[in-house]
Amino acid sequence: MFRNSIRTRLMTLVLLASVIPSGISVTFSYLYTKQSVTEQSVKQNTKLLTLGETNLSNYFSGMNQRAMSLYSGINVPGSFYTALLIAKSPDKVPAGSTVSDNRAIISTQLYNMFLSDQNTYQIHLFVKAPKQSNTLRGGLFRQEINNQYTEAANPSGTNRPFVEVTHMDHKYGVKSGFLNLKSGIVPVFTAHFPIYRTPSDEVLADLAIDFRLTELEGIARSMYNSDTEERLYVLNEQGQALFASDPQWIGKTFAAGWSKLPAGKELGHFTWTKDGFKGIVMFRHIDDPLFKGSIIKLVPYEDLYGDARIITRINTGIGIVFLILGGIMAVLISIGFTRPIKKLISFTQKVQIGQLDAFVDVEREDEFGLLTRKITGMTRTINNLIVKEYRLEIANKTNQLKALQAQVNPHFLYNALQSIGSSSLRYNAPQVYELIYSLGSMMRYSMNTERTQVPLQDEIEHVENYMVLQTERFGEDNLRLDIDIEEAVRDVVVPKMILQPIVENIFKHGFVDGISQGVISITCFLDANHRLVIVIQDNGKGITSARLEEIEASLATIDKTEQEEIGLRNVLARLRLQISGEAQLLLQGDAGKGVVVTLIIPLAEDIGEL
């Protein structure tokens with residue numbers, strides 16, 4: 001009663017008048033603030049990433065330029081480059097000759113490079129000819145023959161300078177150490193420079209410079225706020241982290257989906273809600289001769305929309321206050337309007353005890369009079385609906401009885417066929433039993449309407465039962481069925497009745513003039529694109545080119561009415577509706593050479609999953 005009362009309606013009206021505008025205002029305010037914050041964040045972070053990419057490129061370019069200075073002494077006696085050119089293996093020095101001492105030249109050059117960048121931690125130069133390692137660390141120089149040195153491979157597969165992502169420092173196979181300087185405790189990244197015998201591509205020496213992360217971290221921190229949940233990564237082309245705001249990821253390879261950036265875009269952004277992150281992914285590619293990769297910044301929704309949520313909570317609180325005030329006003333107003341409803345109590349009591357044909361005189365013409373007429377009409381409607389409901393109930397019982405009767409006939413037919421089959425076995429007629437069994441299996445399969453999709457193996461068995469009957473009709477010497485099916489596709493789920501209509505068409509059109517040594521083959525397999533391919537082929541009279549074109553054209557329309565085309569079009573339509581819109585039905589054939597029908601069905605990742 002209270003649900004339909006004027007008091008409830010007035011209260012609802014006043015409350016909705018308060019809630020809807022407030023709700024709309026809060027929603028639009030939140031959405032606008034959210035969009036505005038997103039656009040501002042994208043714009044600001046694009047500038048930060050662009051500036052960071054410029055700083056990193058300049059940083060790497062400076063390293064490259066200092067390495068290129070090693071070539072400045074070409075053809076100058078006593079220069080660093082000349083010392084590399086004349087370096088020889090001790091085994092190849094003629095008897096009576098001495099190996100030139102290049103220690104002073106190399107140590108001086110490496111020391112100058114060490115002082116050119118305060119972030120330089122260690123420099124290692126491996127001269128290939130004498131297998132000589134030259135190491136400068138902490139102002140100390142070591143030179144020794146190093147047979148344990150292994151050249152670092154460029155991840156891109158080229159013999160070009162590159163940056164090795166952050167790792168713990170090591171000794172490059174050098175046995176002698178430095179006093180008070182332990183290895184494996186300082187994180188560094190390494191710039192590798194092969195020194196060539198110009199103008200050839202023969203490598204004379206490998207130069208590796210280890211850099212502390214101080215300047216790299218400074219450039220990276222200028223691109224993100226470390227006080228929030230924002231994350232920043234500098235990755236190379238292989239997804240390895242040169243820098244990561246989370247130290248545990250430095251030097252590791254990322255496999256998260258957001259690390260797979262869109263191809264062909266220098267910078268951009270996209271939303272991501274997987275791999276434990278929900279927010280906006282912003283990126284900027286780095287294309288420097290020494291380092292190729294990308295800067296990726298993750299901005300979570302929690303940081304991005306924090307202010308918008310605070311504003312929304314404030315607006316929601318204000319809306320709740322107005323909602324309470326509106327509720328109080330609705331109660332006061334509704335009390336003054338609900339007194340006339342008491343006159344309807346006697347009428348509603350009669351209706352309550354079942355007197356649905358009761359009637360009440362309507363004297364008022366205002367809203368209460370209208371309400372009274374509506375209630376009176378409602379009681380008449382209820383009375384009519386009750387009568388109608390009884391009639392519908394009787395009709396439903398009748399339909400259920402007819403449905404039960406309709407279910408009896410197929411079961412009776414199956415049981416009758418089973419009884420006939422049993423009798424044939426008693427009278428020693430197994431061939432008759434096989435035919436009856438095949439016919440019963442076909443009827444049970446085709447009349448079972450509960451399954452619209454079945455395993456491919458069931459479709460094959462249905463065709464085999466059909467061919468048992470046809471073989472009995474035409475003779476085993478005149479008709480043969482060959483089936484070749486991969487084990488992997490037997491359980492693939494396909495629409496029901498897609499093979500038998502095609503095989504039936506062969507008897508209607510391919511063998512219409514009679515069968516002599518007829519062969520029907522069915523081949524099922526998975527192709528390289530993970531598609532199920534079913535090939536049905538016969539050696540019947542074939543099909544003319546004109547007729548083939550006519551059938552192919554009809555498969556693309558719904559205007560043709562010929563039975564053959566209806567069957568093929570029905571098979572194709574069900575494949576596209578139930579499996580994939582990319583399913584295909586292809587026809588091939590020439591006059592006198594049979595017909596080949598090929599079904600190509602794209603599958604999901606799991607073979608049996610649709």
Side-chain angles (χ1 to χ4, degrees), residues 58-74 78-85 87 101-154 159-197 203-217 242 251 288-291:
N58 292 337
Y59 185 39
F60 294 136
S61 296
M63 299 178 189
N64 199 33
Q65 290 175 2
R66 288 191 291 272
M68 292 301 101
S69 66
L70 300 178
Y71 293 91
S72 60
I74 295 179
S79 67
F80 173 81
Y81 186 77
T82 303
L84 298 182
L85 285 176
D101 186 5
N102 56 10
R103 178 184 180 90
I105 299 174
I106 292 179
S107 62
T108 301
Q109 186 68 42
L110 296 186
Y111 192 74
N112 291 335
M113 293 187 66
F114 185 86
L115 296 178
S116 64
D117 190 333
Q118 61 181 1
N119 292 300
T120 303
Y121 178 76
Q122 178 180 232
I123 301 178
H124 176 261
L125 175 70
F126 181 76
V127 185
K128 290 196 170 185
K131 295 184 179 180
Q132 180 189 81
S133 280
N134 300 271
T135 307
L136 180 63
R137 178 179 174 188
L140 301 177
F141 178 77
R142 292 286 186 273
Q143 184 182 79
E144 67 177 50
I145 300 301
N146 185 0
N147 293 317
Q148 305 299 322
Y149 176 74
T150 301
E151 179 182 354
N154 191 329
N159 191 22
R160 304 293 299 171
F162 70 99
V163 171
E164 180 183 355
V165 297
T166 304
H167 57 279
M168 289 299 176
D169 71 287
H170 54 83
K171 298 172 62 177
Y172 295 94
V174 176
K175 295 181 180 179
S176 60
F178 298 92
L179 294 177
N180 301 323
L181 295 176
K182 296 182 179 180
S183 298
I185 60 175
V186 178
V188 296
F189 69 92
T190 305
H192 293 272
F193 301 94
I195 302 176
Y196 302 98
R197 182 190 297 273
V203 178
L204 298 174
D206 293 323
L207 176 66
I209 307 177
D210 293 344
F211 293 93
R212 296 183 183 89
L213 304 182
T214 306
E215 186 163 351
L216 177 63
E217 290 175 344
L242 176 65
D288 187 83
L290 192 58
F291 182 83

Taking all atoms of both residues into account, what is the closest heavy-atom pair of Leu213 and Pro187, and its distance? CG-O, 3.8 Å
So His124 and Tyr172, would you call those rings parallel, tilted or perpendicular, with 30° and 60° as cut-offs? parallel
Test item: Asn154 side-chain N/O and Arg160 main-chain N/O as donor-acceptor pair under 3.5 Å: yes
Donor-acceptor pair, side chain of Gln122 and main chain of His170, under 3.5 angstrom: yes
Take Val203 and Phe126 through the side chain to side chain contact (heavy atoms under 4.5 Å, CB included) test and state the conclusion after the steps. CA-CA 11 Å; Val203 178; Phe126 181 76; over 6 Å; no
Crowded around Tyr111 OH? As in, over 12 foreign heavy atoms under 6.0 Å? no
Residue of the set Phe60, Phe189, Phe291 for which ring-ring contact (aromatic ring centres under 6.0 Å, His included) holds with Phe211: Phe189
Could you check whether any side-chain N or O of Glu215 sits under 3.5 Å from a backbone N or O of Asn119, counting only pairs where one atom can act as donor and the other as acceptor? no
Return the CG to CZ distance between Leu84 and Arg197, rounded to the nearest 0.5 Å. 10.0 Å
Met113 and Leu207: CA distance, side-chain angles, deciding distance, side chain to side chain contact (heavy atoms under 4.5 Å, CB included) verdict: CA-CA 11 Å; Met113 293 187 66; Leu207 176 66; 3.9 Å; yes
Using atom types as modelled and distance alone, determine if a side-chain donor or acceptor of Asn112 lies under 3.5 Å from a backbone N or O of Thr108. yes
Determine yes or no for a side-chain-to-main-chain donor-acceptor pair under 3.5 angstrom, with Asp169 supplying the side chain and Gly184 the backbone. yes
We want to know whether Asp288 and Ser61 form a side-chain donor-acceptor pair, criterion being a heavy-atom distance below 3.5 angstrom. yes
Anything under 30° is parallel, anything over 60° is perpendicular, the rest tilted; go ahead and classify Tyr71 against Tyr81. tilted
Verify, without hydrogens or angle tests, whether Arg212 (side chain) and Thr120 (backbone) share a donor-acceptor contact under 3.5 angstrom. yes
Gap between atom CG of Asp210 and atom OG1 of Thr135 - 0.5 Å precision: 10.0 Å
Taking atom CZ of Arg137 and atom OG of Ser183, what is their separation to the nearest 0.5 Å? 4.0 Å
Ignoring hydrogens and geometry beyond distance, is a side-chain donor-acceptor pair present between Thr82 and Ser79 at under 3.5 Å? yes
Check whether any side-chain N or O of His167 sits under 3.5 Å from a backbone N or O of Val165 as a donor-acceptor pair, and report yes or no. yes
All heavy atoms of Gly173 vs all of Asn146, minimum pair found to be O-OD1, 3.2 Å
